[in-house]
Undergrad: 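Just dropping this structure here.
What's counted below: heavy atoms across the whole structure, side chains too, no hydrogens, waters or symmetry copies. Chain identifiers are assigned alphabetically (A, B, ...) following the order of the sequence lines, protein sequences preceding nucleic acid strands; residue numbering begins at 1 within each chain.
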2 protein chains.
Amino acid sequence: MAHPTIYDVAAAAGVATSTVSRAFSTPTRVSARTREHVLAVAAELGYRPNPHARALFSGRHHTVAMVVSDITNPHYFELIRGAELRAKASEYTLVLVNAEESPRIEYDQIQRLVSSVDGFVLAASRLPDENLEQIAAQRPVVLMNRELGGIPSVVLDHVQGCRQIVEHLVSLGHRHLVYLAGPRNSWMASTRWSALRTAAESLGIAAERVGPFMPKVSQGGAAADGALTTRATAIVAHNDLLAIGVVQRLAQRGVRVPDDVSVVGFDDIFASDLCTPRLTTLGGAHVEVGRAAVEILLDMATPNGRTRTPPRVVLPTELVLRGSTGTARET
Amino acid sequence: MAHPTIYDVAAAAGVATSTVSRAFSTPTRVSARTREHVLAVAAELGYRPNPHARALFSGRHHTVAMVVSDITNPHYFELIRGAELRAKASEYTLVLVNAEESPRIEYDQIQRLVSSVDGFVLAASRLPDENLEQIAAQRPVVLMNRELGGIPSVVLDHVQGCRQIVEHLVSLGHRHLVYLAGPRNSWMASTRWSALRTAAESLGIAAERVGPFMPKVSQGGAAADGALTTRATAIVAHNDLLAIGVVQRLAQRGVRVPDDVSVVGFDDIFASDLCTPRLTTLGGAHVEVGRAAVEILLDMATPNGRTRTPPRVVLPTELVLRGSTGTARET
DNA sequence: GTGAAAGCGCTAACAG
DNA sequence: CTGTTAGCGCTTTCAC
């Protein structure tokens, strides 16, 4: 038999369909003997419960969707890993969606999935607040690396992290930094800039911003050139991808890193440990962000779970000191 | 109304449920006027067809699963991108599963999903042939970077690629290479080794193999040390991750690349262009592999589609020459 | 061209 | 503890 159903099992086992159903879903409510008999028959027939039929009734799909603003960025990879890991641990299925940096695609994809998943984790969503609120009203939503009142979120502590970056630069004698900004609709970009500026201010050094730039290696050229129009001795790039592009362009222009200028990135992607010079960058437990986000989501999907978990998780960052930062050149 | 159904739409539009259904699924079989009316009402109510109810009846889920042997490897990332891209283009949902290099996990995950997806693309599957055949008997399956008679597959042309590698090395004066093998259950590993050996033989140079090694940077140490026990002047590592680890270890031991020994990797991952020296590696259109695999799968799921597409796609590789290979040292 | 009704596979009352 | 039965939302004969 191709795909046996509970009817087939029930017939073969000489019981009612509900008994078969119970043997699988609420095993305690069947006598041990019948249960074992049913399970044995089911196994013999190769029966597998049909999750769709189950979902149709229960409204629960055992599936969560993860939406990533740009799957091209290796950074998200870690988030995906963490999310996949956690979902699997609870036997949940993880659906992956790439928004290609387009709010419209992001929104459409989410709407398409709204009735087939139990909830969404959105990584660095580019959607405007209103859209997020509207989606959160339909389904449980957890944000990763973005915050919005009322919606649970998991973020790395970039305020603290940016302060560490600035302290690090100040201790090396830098008095002027420039932030190469990420996309305009990136919450992360504004968060980082405001944290950087605050820290710079309180430590008495100058900070300015140029950009926005798409956070890709290929944009590093324009970003580096932008940075060189300032008098900054330290460049803080929106992420490692951009930072790597900046370092490449700087080398091309004969500007030495870190002798002439220091460069700092964000995310601590795999490649930042491999390039030359190795990149100083603000890392953190990204896998853990993915893990935590899915965990919160699963909790929200559980009855009474909504209150158990703190809705706003802030994970510590970690400033990874490598070769791209050094003492400030004389000005 | 939270989740309007066709009943709600039918009631509001003053038609039968079947008419609403037809308006969505077989628009030609409703008069233009009623169709537009129904669609208008549906839109107003915010009606969205429930894919599970649809799947329950049709058996088609508009979903494909991609199983990856180890999501940790950035190489798969490209495959995932391609697959995601192609699935989205047909409004299919892509479910992502990580097998963590464990055949058992891989098998269990697949069985879990068998009744909820329309098919599987398996990237570098570690499953034994029998399992693959059994799964392919249940659902459409497309293999990526693995071949098995009767099951459609998309692979890069590693036979040709390995020959290019060997020719490249021979032209640099190398007379002895060592292959640092990947996992024992990796089809890729045996394919590469046999292609390498054949090419070496026909070009009259020595080839030997050490390993197997897990293809991770961390294994590069052991792999490099293994390679140094041979008299080879060229190292061909199972993939870039391993190659990067090897290069690091070599540097540690004071062995210069490429002056003392040349190193070649596979996959052309992002990082291989960033490390020092930059890695010579056998790349190819990995995104295209992912794309093609999903395309074949979707074709198989379409009636009459099974015959339309060639079941075995071989895409060209591309030897990317960078700094890690050079003329052989005198022996 | 449209409606009525059965059924996809499963679960949850409700009886017994 | 177990059987009967009515749907979950949708598609599809079969009538009209």
Side-chain angles (χ1 to χ4, degrees), chain A residues 1-42 45-63 112-118 138 303, chain B residues 1-42 45-63 112-118 138 303:
Chain A
M1 188 163 344
H3 284 280
T5 71
I6 47 171
Y7 289 94
D8 303 315
V9 177
V15 298
T17 58
S18 49
T19 303
V20 178
S21 173
R22 280 189 280 255
F24 281 91
S25 347
T26 49
T28 56
R29 302 187 41 179
V30 210
S31 78
R33 277 185 48 234
T34 25
R35 171 169 12 106
E36 274 162 37
H37 176 222
V38 166
L39 295 181
V41 172
L45 261 50
Y47 165 77
R48 309 192 138 273
N50 179 329
H52 292 289
R54 203 172 264 193
L56 184 56
F57 186 91
S58 66
R60 318 211 52 252
H61 310 81
H62 249 70
T63 301
R112 203 173 72 75
L113 289 171
V114 131
S115 53
S116 24
V117 303
D118 295 323
Q138 302 180 64
Chain B
M1 186 162 347
H3 284 279
T5 71
I6 47 171
Y7 289 94
D8 303 316
V9 178
V15 298
T17 58
S18 47
T19 303
V20 178
S21 173
R22 281 190 278 254
F24 281 91
S25 344
T26 49
T28 57
R29 303 186 40 178
V30 210
S31 78
R33 278 186 47 233
T34 28
R35 171 166 16 104
E36 273 161 38
H37 177 222
V38 166
L39 293 181
V41 172
L45 262 51
Y47 165 77
R48 308 192 139 273
N50 179 329
H52 291 289
R54 201 171 266 194
L56 185 55
F57 186 91
S58 67
R60 317 213 50 252
H61 311 81
H62 249 70
T63 301
R112 203 174 73 73
L113 289 171
V114 132
S115 53
S116 26
V117 304
D118 295 324
Q138 301 180 65

Undergrad: Side chain of A:N50 only, heavy atoms from C-beta on: which candidate in D:dC10, C:dG3, C:dC10 is closest?
TA: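 Among D:dC10, C:dG3, C:dC10, the one nearest the side chain of A:N50 is C:dC10.
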Undergrad: Figure out the NE2/P separation between A:H62 and C:dT11, and round it to whole Å.
TA: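 Computing the A:H62:NE2 to C:dT11:P distance gives 12 Å.
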Undergrad: In whole Å, what is the span from the NE2 atom of A:H61 to the C1' atom of C:dG9?
TA: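 It works out to 15 Å between those atoms.
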Undergrad: Quick one: closest heavy-atom pair of A:L39 and A:A23, and the distance?
TA: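 Closest heavy-atom pair between A:L39 and A:A23: CD2-O, 4.2 Å.
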Undergrad: Please list, chain by chain and in numerical order, all residues satisfying side-chain contact (heavy atoms from CB on, under 4.5 Å) with A:T26, sequence neighbours excluded.
TA: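 Residues passing side-chain contact (heavy atoms from CB on, under 4.5 Å) with A:T26: A:R22, A:R29.
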Undergrad: Nearest heavy-atom pair of A:D8 and A:H3: which atoms, and what distance?
TA: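 Distance-wise, the nearest heavy atoms are OD2-O, 4.3 Å.
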Undergrad: Checking side-chain contact (heavy atoms from CB on, under 4.5 Å) for the pair A:T5/A:N50: CA distance, chi angles, key distance, verdict?
TA: CA-CA 8 Å; A:T5 71; A:N50 179 329; over 6 Å; no
Undergrad: Whole angstrom is fine here: how far is it from CZ in A:R48 over to P in C:dC10?
TA: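 After rounding, the reported distance stands at 12 Å.
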Undergrad: Over all heavy atoms of both residues, which pair between A:H61 and A:A55 is shortest? Give the atoms and the distance, please.
TA: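 Distance-wise, the nearest heavy atoms are CD2-CB, 3.6 Å.
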Undergrad: Would you mind reading off the distance between A:L56 atom CG and C:dG9 atom C1', rounded to a whole angstrom?
TA: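 Atom-to-atom, A:L56 to C:dG9, this comes out as 9 Å.
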Undergrad: Would you check if the side chain of A:S25 reaches a backbone N or O of A:S21 as a donor-acceptor pair within less than 3.5 Å?
TA: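 Confirmed, A:S25 side chain pairs with A:S21 backbone.
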Undergrad: Let me know the distance between NE2 of B:H3 and P of D:dC10, rounded to the nearest Å.
TA: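 After rounding, the reported distance stands at 11 Å.
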Undergrad: If you assign B:F57 and B:A16 each to the DNA chain C nucleotide with the nearest heavy atom, which residue ends up on the more 5' nucleotide?
TA: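 Nearer the 5' end of the strand: B:A16.
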Undergrad: Which heavy atom of B:P51 sits nearest to which heavy atom of A:S115, and what is that distance?
TA: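 Closest heavy-atom pair between B:P51 and A:S115: CD-OG, 3.3 Å.
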Undergrad: What residues in residues 19-37 of chain A put a non-hydrogen atom under 4.0 Å from any atom of DNA chain C?
TA: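 Heavy-atom cutoff 4.0 Å gives A:S21, A:R22, A:S25.
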Undergrad: Return the nearest nucleotide to the side chain of A:S18; candidates are C:dA12, C:dT11, C:dC8.
TA: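 Comparing C:dA12, C:dT11, C:dC8 against the side chain of A:S18, the answer is C:dA12.
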Undergrad: Please report the closest heavy-atom contact between A:Y47 and A:P4, naming both atoms and the distance.
TA: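 Residues A:Y47 and A:P4, closest heavy atoms: CD1-O, 3.2 Å.
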Undergrad: Can you run through DNA chain D from 5' to 3' and write each base as (, ), [, ], | or . depending on how it pairs? Watson-Crick or G-U wobble, both distances under 3.5 Å.
TA: ||||||||||||||||
Undergrad: Report yes if at least one side-chain N or O of B:Y7 is closer than 4.0 Å to OP1 or OP2 of D:dG7; otherwise report no.
TA: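 No, because none of the side-chain N or O atoms of B:Y7 sits under 4.0 Å from OP1 or OP2 of D:dG7.
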Undergrad: Could you state the atom-to-atom distance from CD1 of B:I6 to C1' of C:dA4 in whole Å?
TA: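 Those two atoms, CD1 and C1', are 13 Å apart.
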Undergrad: How close do A:D118 and A:G59 get, heavy atom to heavy atom, and via which atoms?
TA: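 Taking every non-hydrogen atom into account, OD1-O, 3.8 Å.
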